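Keep in mind that this is a model prediction, so the values were computed, not measured. Below, read A as the first sequence line, B as the second, and so on, with proteins coming before strands; counting in each chain starts at 1.
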4 protein chains.
Amino acid sequence: MSTAGETPATGRPRSETARQAVLHAVDNMLVEQGYAAMTMKGIAERAGVGKQTVYRWWSSKAEILHEAATLDASHELASPAAADSPSDLAAYAETLVTFLTTSHAGLAYRALVGEAQHDPKVAELISASDLVKPSARAVIQRAVERGDLPASTDMEDAIAELVGPILYLVLRNAPARSRGHWRRYAQRFLDGRRS
Amino acid sequence: MSTAGETPATGRPRSETARQAVLHAVDNMLVEQGYAAMTMKGIAERAGVGKQTVYRWWSSKAEILHEAATLDASHELASPAAADSPSDLAAYAETLVTFLTTSHAGLAYRALVGEAQHDPKVAELISASDLVKPSARAVIQRAVERGDLPASTDMEDAIAELVGPILYLVLRNAPARSRGHWRRYAQRFLDGRRS
Amino acid sequence: MSTAGETPATGRPRSETARQAVLHAVDNMLVEQGYAAMTMKGIAERAGVGKQTVYRWWSSKAEILHEAATLDASHELASPAAADSPSDLAAYAETLVTFLTTSHAGLAYRALVGEAQHDPKVAELISASDLVKPSARAVIQRAVERGDLPASTDMEDAIAELVGPILYLVLRNAPARSRGHWRRYAQRFLDGRRS
Amino acid sequence: MSTAGETPATGRPRSETARQAVLHAVDNMLVEQGYAAMTMKGIAERAGVGKQTVYRWWSSKAEILHEAATLDASHELASPAAADSPSDLAAYAETLVTFLTTSHAGLAYRALVGEAQHDPKVAELISASDLVKPSARAVIQRAVERGDLPASTDMEDAIAELVGPILYLVLRNAPARSRGHWRRYAQRFLDGRRS
DNA sequence: AAGTAAACGAGACGGTACGTCCTGTCTTTAG
DNA sequence: CTAAAGACAGGACGTACCGTCTCGTTTACTT
C-alpha cells in the first residue's frame, strides 16, 4: 500500500507524479487488456516509471488496483436517500449494478474478488477495506432508522443478502434486469425481514 | 476438454490411467498448494505424465479442475427432500456451505469462479456447466411443487437470491453460521416471495 | 560448459543449431560491442534463442566466450616448425601477437584473462584449459629437442618468460613491434637460457 | 579523479574526511569482497557517505581504486639498490611478487589490469599512470649505469621482459617461487641482454 | 551577523540486466 | 499414434545496480 504513515525525515521524497501515473496506468490497462494480461512490467512501462518504483510502494498489481478503485468507489456508489425504503433499496441496487458492470472501479472490484480466491493476501485486502460494504451498510441503516427493518437486524447478514444476489448475477455476466425487477427485489428483501 | 468424440482407428489408444492420474493430481495439488501455485508442468510431474499429454486433452488448468470437480459435485450436493420447504431449504443451505468450505470440489468451484473474473473462457466454462445451479434449481422446484413458492417464480432470480448470499459469505471466508441461522435464512427467502 | 559427458536416454536432444547460433553471436558481439557491453540477454536475443537455452548449457558469458575461442585458437596458433630455433621462436612470437591483436579468439582470450582477475571461476576456467599454453609449450619443446635449450628447462617458467612479455605488451595496447624485434627477442630468450 | 584544478570561490569546501573514508572503504572492500562484488552504492554506505559525493569526485570504482592504490604503491615497491645487478634485479622481482600477491595495492593493481581489458577508460588510466613501471624502470636504469646492461637498452622492451613473466605468473595464481628462482631469473635477464 | 552557494547524507527516480520460472510447442525414443 | 522426457523460443518475475535527481542540512566564504 502506498499510504505512508510517518514521514521519513530524509532523502528524496516520493514522487506524487509517479504515483498518479501508476494508478492511471492500472486503471486504463484493466479496461483495455483485462486483469490477467496486466503485468508489473507492463504497468511500469505504461506509466513511464521504473519497475522498482512500482514495487517500492505496492507489492502486487492487486494492491495497486485496490488503491485505484478505492479512490473512485465511494463517490460512485453514493446513493442519495430516496423517499421511502423500497425506493431507496431499489435505487441502491441499480447503482450497484451500474457500478459493477460499467465503472472502471467496479471492474477492478470484480477482478479483485476473483483474485482473492487464489491469493489470501488479496482476500485480506478486500476484507479489510471492502469497497461495497460501506454503501450497503448505509442504505440498510437508513431502512432501520425509518422503522422498515427491525432494530435487531444483523448488519453482516443483511449486507450479504442484499449484495450477494447482485454480485452473483454480475459475476456471471447475467443480462441486465429492468428497473421494475429491482423494485420487486427490494420489496422481497424487506418482506423477508419483516418481524 | 477430455471428451473424445469418435475413437481413432489406429495407433496407441489414449491412456485412461494417465487421465485419472492428472485428475487426481489436480485435486490434491489444489488443496495442498492452492490454485495460483499450480502449474501445468507441476501437474504433469505430479501425475507422472508428460506435459504434452496434459495439453492434448485439456487446454488449461481451469479445464482440468472443472472436470475434476464436476465428477464429485453432483454427488456431494445431493440434498434429500425434507418434510417441509423451510427445512428443505435450510438443509440445502447447510449442504451448500459445507460443500463450498470443506469439499475438494467446492474449493475447486471457488477457484474457478475467481478465475472466471480474469478469463472469459473460464467464465463460459462455468456458465455452460455450473456445478451448483442444478442442485439449487431442484430444491426451489420442490418448494414450488409444494405450493410454498408461487408458480410464477422466476427460476434464475430465485437461484441468485438463494445462492448469492451464501456464495457472498463463503467467498469472503466469513465465519460459519449456526443451524438456526440457516433455518431463519430459509424462512426469509420464502417470506419475501409469498403472495 | 556445453560438453555433455553422458548421453541422456530420453527427451528432445540438444539443438546444435542453437549452440552454433550462441557461439557465433558471442563471437560477433565481442568485436562489435566489447566484453562489458555483452549481456546474457543480449546474446540470447542476437542468437534468436531463449535465455533459458543459454543458461542450460553455459553458466556465464565467460564460459561461452571460452568455448567459442577454444574452437578457433588451436588452429590459429599453429606455428609450423622453422629451420632453426631462433626463427622458430620469432615466428611463434609474431603469430601470437597477431592472434592476440587481430583474431576474434585472441580478443576473447584477452577479455577472459581480464575477467579472471575479478572472478575465480573464470580464473579456474582458463587455467584448466589455457588457449595459449599448448602452442608455447610445443615451440619450446622443439627447441629443447634441437638441443638449443637445456633438457633441464622448466617448462612452466619457460612459457612464462616467453609468453609473459608478449602478453604484457598486448594487454597494454603497446604499438606493434617489427619482425627484427621479435628475432632479437627470440635470441635473447635463448641466450638467457644457454649453458 | 579527485584532483580539483581551480578552487571555487564560494560554497562549502570538499570534505577531506569524506574523501579518506571512500578511499579506505574501497581498499578494505576489495580485500573482503573482491572487485566484482564492490558497488558504488556499497562503497558509499561503507564509507558513510552519500552516493552523489562519490560520483562528484570519481566517475567509477576503477578510478577510486586507482587513486587508493597509487598512494601506497610507490612506497611498497621501493627496492633499495643492492650490491650488484643480479642481486638488485632478483630483489626487485621478489618485491614485485610480494606486492602483487599480498598487498592491498597490489590486488587493486591486478583488478585494474583486468578491468582495463573490458573498459578503454581504465586502460587509459593505468597506461597514463602505471603503478609498476616507474619502479621497474629505476632498477633497470641502475643496471645500465653499472654497465651490466648496454646503454642502448630499449627501456620499454626491457620493462616488458622483466615484468611480463612475473605478471603472467601472478595473474594466473601460479605457486610462489623460491629466492633462488628469482636469482636465476635475474641472471637469465642479464645474460639475454649481454651484447 | 546575515547572506550566498556549494557540498553534505539520504534515498527515490527511470532504466536495464540479472538468473529463475512457466508457457505452449516441438522433437526425440519407446510401446 | 500416444506415451514420457525434456529442449525449444519467449516473456514476466522480483532483485540489484546504474547514474541522476531532489530533499533538508551543514559549512565555509563573502559582504
Side-chain angles (χ1 to χ4, degrees), chain A residues 7-15 17-19 21 37-45 47-57 59-61, chain B residues 8-15 17-18 37-42 44-45 47-57 59-61, chain C residues 7-19 21 37-45 47-57 59-61, chain D residues 7-15 17-19 37-45 47-57 59-61:
Chain A
T7 314
T10 180
R12 179 176 178 173
R14 172 170 184 188
S15 161
T17 308
R19 180 173 164 269
M38 280 171 53
T39 65
M40 290 298 257
K41 192 192 179 199
I43 293 166
E45 279 169 7
V49 142
K51 254 203 311 178
Q52 187 70 252
T53 298
V54 180
Y55 279 108
R56 199 166 358 239
W57 303 111
S59 67
S60 65
K61 60 177 175 174
Chain B
T10 176
R12 179 173 176 174
R14 170 169 182 187
S15 161
T17 309
M38 282 171 52
T39 67
M40 291 298 256
K41 190 191 179 196
E45 275 170 8
V49 142
K51 261 205 309 178
Q52 189 65 255
T53 301
V54 181
Y55 279 109
R56 193 155 16 233
W57 303 110
S59 68
S60 66
K61 61 177 175 174
Chain C
T7 315
T10 178
R12 179 176 178 173
R14 173 171 183 187
S15 161
E16 185 60 22
T17 307
R19 179 172 166 270
M38 279 173 52
T39 66
M40 290 299 256
K41 193 192 178 198
I43 293 166
E45 279 169 7
V49 142
K51 252 199 319 174
Q52 186 70 257
T53 299
V54 181
Y55 279 107
R56 199 168 357 242
W57 302 111
S59 67
S60 65
K61 59 176 176 175
Chain D
T7 316
T10 176
R12 180 176 177 175
R14 171 169 183 187
S15 160
T17 309
R19 180 174 164 270
M38 281 171 51
T39 66
M40 290 300 255
K41 191 192 178 195
I43 293 165
E45 276 169 8
V49 143
K51 261 206 307 179
Q52 187 67 257
T53 299
V54 181
Y55 278 108
R56 195 156 12 233
W57 302 111
S59 69
S60 66
K61 61 177 175 175

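The side chain of B:Thr53 contributes an N or O atom lying less than 4.0 Å from OP1 or OP2 of F:dA4. Between C:Trp57 and F:dC8, a side-chain N or O to OP1/OP2 separation shorter than 4.0 Å is present. Phosphate contact (OP1/OP2 of E:dA6, side-chain N/O of D:Arg14, threshold under 4.0 Å): absent.
Nucleotide E:dC22 holds its P atom 13 Å from the CE atom of B:Met38, rounded to whole Å. We find that NZ of C:Lys41 is positioned 11 Å from C1' of F:dA12, with the value rounded to whole Å. We find that CZ of C:Arg19 is positioned 17 Å from C1' of F:dC8, with the value rounded to whole Å. Whole-Å rounding puts the A:Arg56 CZ to F:dG14 C1' distance at 13 Å. Rounded to a whole Å, the CD1 atom of A:Ile43 is 14 Å from the C1' atom of F:dG14. Atom pair D:Glu45:CD and F:dC17:C1' shows a separation of 12 Å (rounding to whole Å applied).
Legend: residues meeting side-chain contact (heavy atoms from CB on, under 4.5 Å) with C:Ser15, ordered by chain and number and at least two apart, are C:Thr17, C:Ala18. With sequence neighbours excluded, the residues that form a side-chain contact (heavy atoms from CB on, under 4.5 Å) with D:Glu45 are D:Lys41. Listed by chain and residue number, A:Ala47 satisfy the side-chain contact (heavy atoms from CB on, under 4.5 Å) test with A:Ala21 (two or more places apart in sequence, or in another chain). Applying the side-chain contact (heavy atoms from CB on, under 4.5 Å) rule to A:Lys61 yields the partners A:Tyr35, A:Met38, A:Met40, A:Ile43; only residues at least two apart in sequence or on another chain are considered.
For the atom pair CZ of C:Arg19 and CH2 of C:Trp57, the computed distance is 10.5 Å after rounding to the nearest 0.5 Å.
Looking at heavy atoms from C-beta onward, D:Lys51 lies out of side-chain contact with D:Val54 at the 4.5 angstrom threshold.
The 5' end of DNA chain E is approached more closely, in terms of each residue's nearest nucleotide, by A:Gly48 than by the other of A:Gly48 and C:Ala37. Where A:Gly42 and C:Ser15 each meet DNA chain F at their nearest nucleotide, the meeting point lying more 5' is that of C:Ser15.
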* To do: Give the B/S/- string for nucleotides 20-25 of chain F, one per nucleotide from 5' to 3', where a protein heavy atom under 4.0 Å of the base yields B, of only the sugar-phosphate yields S, and otherwise -.
  => BBBS--

